[in-house]
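What follows is a short report on a single structure.
These values consider heavy atoms only, across backbone and side chains, with no hydrogens, waters or symmetry-generated copies. Reminder, nothing fancy here: chain letters follow the sequence lines and each chain counts from 1.
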Amino acid sequence: MASTLGVLEALLRNPGAIATKLEVKQLLKALLKRPGAITSASEAKQLHAQILKHNPSSPLYTSTAICVYSNFKLLNQSLLLFKTLQSPPSLAYKSIIKCYAVNGRFVESLASFVDMRASGNTPDHSVFPSVLKACAFLLDLRLGEAVHGCIIRLGMDVHLITGNALINMYAKLQSLAESEWRERDRRKVFDGMSERTVDNLFASQLSQESLGSCLDGRSRTGAGADSSVKKVFETMTTRDIISWNTVIAGNAQNGLHEDALAMVREMGGAGLKPDIFTLSAILPIFAQYVDVDKGREIHGYVIRYGFDKDLYVASSLINMYSRCARVEDSIRVFKITRQRDTISWNSVIAGCVQNGMFDEGLRLFRQMLKDNVIPGSVSFSSIMPACAHLTTLNLGKQLHGYIMRCGFDDNVFISSSLVDMYAKCGHIRTAGWIFGGIKGRDMVSWTAMIMGCALHGYAEDAISLFEQMKLEGIRPNHVAITAILTACSHAGMIDEGRRYFDRMTEEYGIRPGLEHYAAMADLYSRKGKLNDAYQLISTMTTPTGTIWSLLLSACRVHKNVDLAEKVASKIFEVDPENIGARVLLSNIYANDGRWKEAAKVRMTMRNMGIRKNPACSWIEVKNKIHTFIADDKSHPLHDEINIALCELQEKMELAGYVADTSEVLHDVDDEQKKYLLYGHSERRAIAFGIMSTPAGTTIRVIKNIRICVDCHTAIKLISKIVGREIVVRDNSRFHHFRDGECSCGEYW
DNA sequence: GTAGGGTTAG
């Protein structure tokens, strides 16, 4: 054999060499037994040439050539040969099935498998892994089960690699059928997470003893108890670390977290130590449970074993830390990871964005592009919320263009984030247009759109979307319900809001949480039903300062000082440092002319060392954000803006404008109050916007606090005078001012 | 030949 192959090597490396027919025949025969002797694609082509020269019609030789080509993943060459075969022999089928699979052509791979069975050829252990991988990829459980039956009949279910592939297929596909179980299991495990069973899990070096001790008290069984994954695993006579890791990853991804962790403990008993695959599979569990202590222990183990150079482990660690709100640790892990890919960048970017570090997220995103790392679809869905929160429309639009050029605009994660971004940037119509084009909308897409309508005051659209979502078989979760309650709240629809609130438990199985109480309290408060709001909040077991503050704010609008004092004391009970509440209370006193009390509250604040955030507005002009803070004169065009405001003022007064000074909370005379109103940040931002953009351009301004009554009146007039649409987002909603009117219908 | 990481609404 060795000498035959030696001749072959000589022949292949020197195709011009003359070989006798006998020699070639011997060579090919030897190759039939050892196709692996061919070590490069070019040698494979030489072999093909020899076959064409000496025996082109032999199915056996042709199959051998296909086999050799498929070893080098050369699909086109394999196919050319395969198509010449009238009735392909087993080897040809096996090779082509594998070749399709390694090239990601799973449909064709399975079709060839079906052809092979129909032609009476018997598959063997060499094809099943590819076939099972194809079933997993195509989410075809029925075919997978049929293949499994075939494997059992052939007695192949004890074969190590086939068994591993079976486990993988079931792990990937069972999650589809068992999503309901999964949810139940998740809650169950969550309840038990604080118990000692998981404690000290990774205390030392995952030693046999420490893992063993954790097995005591393991009590739960889940959907996985008699799952196909488990059955296959238990049937196998030999198992390797891949078998264990596949089951562990499957359990982790299917929400069987306790099972996954138990198996990590058990694998020690089989003489196997957790490796990089094991760790990257279980780290997301600690990320989900926000258990940074366990996550840290794993990080320690990772470092001790030198696994910290692995990209997968690094991304899992970055993700774990950011889910646990330790962004600094995420960034640290990212920075010391020399090798980086799209996913590790995505992890750190998403970590920043999810923790509110929008600018840092954007900076890292730009750095990623600079480093020539090609962004994937996940990169965009991770960064887009930063644009939504910062309301940087131009940046959002640029990213949208990039997304379209990449062909990612049909991705549901991305389009949902776009719906949200456009809605939050004031472009509700664009949001609606994108939403309309989403195929396979999920709960998040619907909720983003519903919330968008809510923010713009389009409650009826929000309600009809909500009902349509239910008709399409999507059961609302707690976020969707928050969105619909917010919609009702922003339109003053008390009855509708109350109905959704009262029925949410019965109809959707969701108990009202803080966010739902907040929306309802807001609904009553805005409508002036202050006592109803008070009653509702009082029924809560532990109302927060934030919820009481909604009512306090309404007390200011509806000028109810007595209730305000009562509410304020409730707030200071649970949250003595609450800045907003103290500011509000002082304003309420000032509004009532009780300047002494107002001053007292301010004094208390000063003594406590707390300062209120100043009112500010900002506007994006030519990709630059201009910020205007109340009474701040630092803008380079400050004087020009003042002149423009005075000119506007004259035209407004001609149109009948009379300043409403009732909300000016300073102890000064009316003339001074009028002057103070000019200084309101949104007015200066709008004046600047008018000065620096072409006639007719829509002005978009964002403000950090509620818009005051006088500004609301003034902006309505300004929109008419300058003939422009002016969109102002305050801290809770959008106002579209057009031709002297506002979309909020005086309700905000 | 089989195994692992990152994403959208609040």
Side-chain angles (χ1 to χ4, degrees), chain A residues 71 94 97-98 101-102 124-133 136 159-169 171-172 240-250 252-253 274-284 287 307 310-320 322-323 330 341-351 353-354 375-385 388-389 408 411-421 423-424 435 438 441-452 454 476-483 486 513-516 518-519:
Chain A
N71 285 344
K94 289 192 285 191
I97 290 167
K98 280 192 278 185
V102 293
D124 66 8
H125 60 84
S126 72
V127 277
F128 287 125
S130 304
V131 173
L132 292 166
K133 192 178 189 172
H159 180 252
L160 177 65
I161 297 171
T162 302
N164 288 347
L166 268 172
I167 296 174
N168 181 48
M169 178 203 64
K172 297 257 157 60
D240 62 1
I241 188 143
I242 298 183
S243 327
W244 284 85
N245 283 342
T246 312
V247 180
I248 290 167
Q253 283 158 4
D275 67 358
I276 48 177
F277 284 84
T278 328
L279 299 173
S280 55
I282 58 166
L283 270 166
F307 292 156
D310 183 72
L311 267 176
Y312 287 71
V313 172
S315 324
S316 304
L317 281 170
I318 293 168
N319 182 245
M320 184 275 296
S322 59
R323 295 263 171 191
S330 292
D341 67 358
T342 305
I343 296 186
S344 40
W345 279 99
N346 291 348
S347 309
V348 72
I349 291 169
V353 175
Q354 286 160 357
S377 61
V378 178
S379 314
F380 291 105
S381 44
S382 303
I383 196 62
M384 195 56 74
H389 282 104
F408 289 146
N411 176 301
V412 69
F413 286 83
I414 290 181
S415 25
S416 304
S417 72
L418 281 170
V419 166
D420 182 56
M421 185 276 293
K424 288 217 170 81
F435 177 76
I438 302 181
R441 291 167 202 146
D442 61 7
M443 167 96 67
V444 178
S445 332
W446 284 96
T447 309
M449 193 64 224
I450 293 169
M451 198 49 126
N477 68 357
H478 69 107
V479 188
I481 294 174
T482 307
T486 306
L514 264 179
E515 67 275 35
H516 306 110

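Evaluation of the side chain to side chain contact (heavy atoms under 4.5 Å, CB included) rule for L514(A) yields M540(A), T544(A), I547(A) as partners, not counting sequence neighbours. With sequence neighbours left out, the salt bridge (charged side-chain N to carboxylate O under 4.0 Å, His left out) criterion links D240(A) to no other residue.
Distance from the side chain of V444(A) is smallest for dT8(B) among the nucleotides dG10(B), dA3(B), dT8(B). Closest contact between the side chain of P284(A) and the listed nucleotides dT2(B), dT8(B), dG5(B) involves dG5(B). Minimum atom distance to the side chain of S344(A) is reached by dG5(B), of the listed dA3(B), dG5(B), dG4(B). When distances are taken from the side chain of N319(A) to each of dA9(B), dT7(B), dT2(B), the shortest belongs to dT7(B). You'll find that the side chain of V378(A) is closest to dT7(B), out of dG10(B), dG4(B), dT7(B). Of the candidates dT7(B), dT8(B), dG6(B), the closest approach to any side-chain atom of I343(A) belongs to dG6(B).
The CD1-P distance, from I248(A) to dG5(B), rounds to 13 Å in whole Å. Spacing between atom CE of M451(A) and atom P of dG10(B) amounts to 6 Å, rounded to whole angstrom units. The CE atom of M421(A) sits 12 Å away from the P atom of dA9(B) (whole-angstrom rounding). Taking atom CG of residue L418(A) and atom P of nucleotide dT7(B), one finds them 18 Å apart after rounding to whole Å. As rounded to whole Å, 16 Å separates atom C1' of dT8(B) from atom CH2 of W446(A). Put simply, CG on N411(A) is 12 Å from P on dT8(B), counting in whole angstrom units. If you measure from atom CH2 of W345(A) to atom C1' of dT7(B), you get 17 Å, rounded to the nearest angstrom. One can place CZ of F307(A) at 17 Å from P of dG4(B), the figure rounded to the nearest angstrom.
Of the possible polar contacts, one joining the S330(A) side chain to the I318(A) backbone as a donor-acceptor pair under 3.5 Å is found.
Between the side chain of S381(A) and the base of dT7(B), a donor-acceptor pair under 3.5 Å is found. Below the 3.5 angstrom threshold, one finds no donor paired with an acceptor across the side chain of S347(A) and the base of dG6(B). No hydrogens or angles were tested; on distance alone, a donor-acceptor pair under 3.5 Å links the side chain of S280(A) to the base of dG4(B). Side-chain N/O atoms of D310(A) and base N/O atoms of dG4(B) include a donor-acceptor pair closer than 3.5 Å. Taking 3.5 Å as the limit, the base of dG5(B) and the side chain of N346(A) contain no donor-acceptor pair of atoms between them. Judged by atom type and distance alone, T246(A) does not reach the base of dA3(B) through any side-chain donor-acceptor pair under 3.5 Å. For D442(A) and dA9(B), a side-chain-to-base donor-acceptor distance below 3.5 Å is absent, hydrogens and geometry of angles not being considered.
Among the heavy atoms of the strands lying under 4.0 Å from V412(A) is at least one base atom, whether or not backbone atoms are also near. Using a 4.0 Å heavy-atom distance criterion, K424(A) is classed as a sugar-phosphate-only contact. Residue L311(A) is in base contact, counting any heavy-atom pair closer than 4.0 Å across all strands shown. At a threshold of 4.0 angstrom between heavy atoms, the contacts of H159(A) include nucleobase atoms, whether or not backbone atoms are also involved. K98(A) comes within 4.0 angstrom of nothing in the nucleic acid, heavy atoms only. Within 4.0 Å (heavy atoms only), D341(A) reaches at least one base atom of the nucleic acid. Within the nucleic acid shown, S130(A) has no heavy atom closer than 4.0 Å to any nucleic acid atom. Counting non-hydrogen atoms under 4.0 angstrom, M384(A) reaches nothing in the nucleic acid. R441(A) comes within 4.0 angstrom of no nucleic acid atom, judged by non-hydrogen atoms across all strands. No contact: T482(A) has no heavy atom under 4.0 Å from any strand.
At least one side-chain heavy atom of V412(A) sits less than 4.5 Å from a side-chain heavy atom of S445(A).
For R323(A) and dT7(B), the shortest distance from a side-chain N or O to OP1 or OP2 is below 4.0 Å. Regarding contacts with the backbone of dG6(B), every side-chain N or O of Q354(A) stays at 4.0 angstrom or more from both OP1 and OP2.
Using a 5.5 Å limit on the distance between ring centres and a 30° limit on the angle between planes, the aromatic ring of F413(A) counts as stacked on the six-membered base ring of dT7(B).
A side-chain N or O of D341(A) and one of S344(A) form a donor-acceptor pair less than 3.5 Å apart. Side chains of T278(A) and D275(A): a donor-acceptor N/O pair is present below 3.5 angstrom, by distance only.
In this structure, OG in S415(A) is found 4.0 Å from CD1 in I438(A), a value given to the nearest 0.5 Å.
Taking the six-membered ring where the residue is Trp, H478(A) and H516(A) present perpendicular rings, their angle passing 60° and hence far from 30°.
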